[in-house]
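From a predicted model like this one, the values you see are computed outputs, not experimental measurements.
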Amino acid sequence: MHVDEGRPLRLLLVEDNPGDARLLQEELREVTSVRFEVRHVTRLAEAVAVVAEPGLDVVLLDLSLPDGHGLSNIERMVQAAPMLPLVVLTGTDDEQLAMKAVHTGAQDYLVKGQVTGPLLVRALRYAIERKRAEEGLKREEAARQTALFREQFLGILGHDLRNPLQAISGNAALLLRYGGMTEPQRKAVNRISISADRMARMISDILDFTRTRLGGGYTLQRSWVNVHDVLRQVVEELEVAHPQRRFELNVTGTAWGEWDSDRIAQAASNLVGNAVQYSPEGSVVRVVACDEGDGIRVEIHNQGAPIPAERMPHIFDPFVRGGEGPRAVARSGLGLGLYITHEIVKAHGGTLQVRSTDAEGTCFWLKLPRHSSAPKS
């Protein structure tokens, strides 16, 4: 809770005894170092209604009221306004009761008849500061729990789900190689293999998405990489997966730089795979790499339908698909590929952009600095 030092402290006084209430307000008026705006109610039900409204800084609560008594008063106030600092008043000088009051949710405890203006102001200010510290600790604990959840979640994705899929994929591959199956059986096992591979890719996408959204980010394993070789490998893999499609790879200039080879391959595979999915079967997917300034520029072109204009500002947001048309409808996945690619490029300190028109088709291009640099926000 932040209190502006230039304005009065807004106090709710919950006290049914008129003499005690008047005495407390007089004590506060005599303190010149702090100004108070006091709102006075005599019943607990009124107090519960008032604290539901915004604007209060602290509550001064009598433990003996016509409609409530003892520690239950504190419990009701804490339930009604858990973020509001609370100081309790009682006519009994009882240390055990004081401790119970603090454990129940009060920030401080005052005994009627022993309260002076300076003591009251000190208790109210202390209550505000203590509540602020408690909320800070709660936020730290919430952050710790979030980090713990992240690690557990990533562990489940990375191990408990991937391992069974690897077993499915491995055994399906063995059956396809050595099974001696009939053609219908072979087709069924091949569908199992394809589905398992697709699920593994989806798990990897969720894993990457979760790391970035929960603060883990991308940990890059940089080394001296020939990006032309990485692009050749990506294109060759997609040629095997899509033998009916045509690919053109044109690389010029200097191939070497400090990059994470696996992550660059993942980004390139996402972009080239996207081009395959969102372009006509008879068209060519072109991949071009060339020097640009102090880095390298990689372009991926396809002749599919243009990306709708209203989607362009959000094209790198999670769960947004890039294109339309019959092949886009059939596309499997979570819509995380472009988001993940953007985050990979950003982690390398690079940029990823797109242009898309009816005349030219769609072109994604990324620029990567050759040497390690801080990622751009």
Side-chain angles (χ1 to χ4, degrees), residues 197 200-201 204-205 208 212 217-304 307 315-316 322-323 333 336-357 360-376:
D197 289 343
R201 288 193 299 272
S204 294
D205 284 351
D208 287 338
T212 58
Y218 284 98
T219 302
L220 299 180
Q221 304 295 325
R222 292 180 181 269
S223 60
W224 201 238
V225 174
N226 184 317
V227 79
H228 293 175
D229 289 345
V230 173
L231 294 174
R232 288 189 188 96
Q233 180 181 348
V234 167
V235 171
E236 287 171 4
E237 289 175 355
L238 286 165
E239 283 176 334
V240 171
H242 303 278
Q244 77 285 1
R245 298 306 305 268
R246 295 166 55 206
F247 297 86
E248 289 182 3
L249 175 63
N250 183 7
V251 294
T252 59
T254 305
W256 294 93
E258 288 183 275
W259 300 301
D260 184 323
S261 177
D262 290 338
R263 287 299 189 183
I264 295 300
Q266 181 183 3
S269 182
N270 282 343
L271 293 175
V272 180
N274 233 38
V276 172
Q277 293 290 340
Y278 290 113
S279 61
E281 291 191 5
S283 63
V284 178
V285 173
R286 298 194 308 277
V287 181
V288 177
C290 60
D291 292 343
E292 183 172 283
D294 61 349
I296 190 168
R297 178 185 177 101
V298 179
E299 298 183 356
I300 294 90
H301 300 256
N302 77 77
Q303 292 299 317
I307 300 169
I315 195 66
F316 299 121
L336 291 173
L338 290 178
Y339 168 79
I340 289 169
T341 300
H342 182 268
E343 293 300 306
I344 290 172
V345 173
K346 185 170 74 171
H348 281 85
T351 56
L352 176 64
Q353 296 177 276
V354 60
R355 64 174 180 268
S356 188
T357 65
E360 296 182 7
T362 298
C363 175
F364 286 89
W365 73 94
L366 57 93
K367 182 180 177 183
L368 296 171
R370 295 189 187 279
H371 302 286
S372 178
S373 62
K376 299 177 181 178

Measure the shortest side-chain to side-chain distance between [X] and [Y] over non-hydrogen atoms and say whether it is less than 4.5 angstrom.
X      : Y      : result
Phe364 : Gln353 : no
Glu343 : Phe316 : no
Val230 : Trp259 : no
His242 : Glu281 : no
His348 : Asp260 : yes
Arg245 : Ser283 : yes
Ile307 : Tyr278 : no
Gln221 : Asp262 : no

Residues in side-chain contact (heavy atoms from CB on, under 4.5 Å) contact with Asn226, at least two apart in sequence or another chain: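 So Asn226 forms a side-chain contact (heavy atoms from CB on, under 4.5 Å) with His228, Asp229, Ala255, Trp256.
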Which residues share a side-chain contact (heavy atoms from CB on, under 4.5 Å) with Thr254, sequence neighbours left out: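 For Thr254 the side-chain contact (heavy atoms from CB on, under 4.5 Å) partners, ignoring immediate neighbours, are Asp291, Arg370.
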Nearest heavy atoms of [X] and [Y], plus distance in Å:
X      : Y      : value
Ala265 : Val234 : O-CG2, 3.7 Å
Gly282 : Arg246 : O-NH1, 3.7 Å
Ser269 : Leu238 : O-CD1, 4.4 Å
Pro280 : Gly304 : CD-CA, 3.8 Å
Cys290 : Ile296 : O-CG1, 3.3 Å

Measure the [atom1]-[atom2] distance between [X] and [Y] for me, rounded to the nearest 0.5 Å.
X      : Y      : atom1 : atom2 : value
Glu236 : Phe247 : CD    : CZ    : 11.5 Å
Thr341 : Asn274 : OG1   : CG    : 8.0 Å
Leu352 : Leu338 : CG    : CG    : 7.5 Å
Lys346 : Thr351 : NZ    : OG1   : 12.5 Å
Ile300 : Asn270 : CD1   : CG    : 10.5 Å
Asp294 : His371 : CG    : NE2   : 8.0 Å

Residues in salt bridge (charged side-chain N to carboxylate O under 4.0 Å, His left out) contact with Glu292, at least two apart in sequence or another chain: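 With neighbours one apart ignored, the set is Arg297.
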Trace of the side chain to side chain contact (heavy atoms under 4.5 Å, CB included) decision for Leu231 with Leu249: CA-CA 8 Å; Leu231 294 174; Leu249 175 63; 4.3 Å; yes
Sidechain-backbone polar pair: Arg263 side chain, Ile344 backbone, donor-acceptor under 3.5 Å: no
Check against side chain to side chain contact (heavy atoms under 4.5 Å, CB included), Arg232 and Val251: CA-CA 9 Å; Arg232 288 189 188 96; Val251 294; 3.6 Å; yes
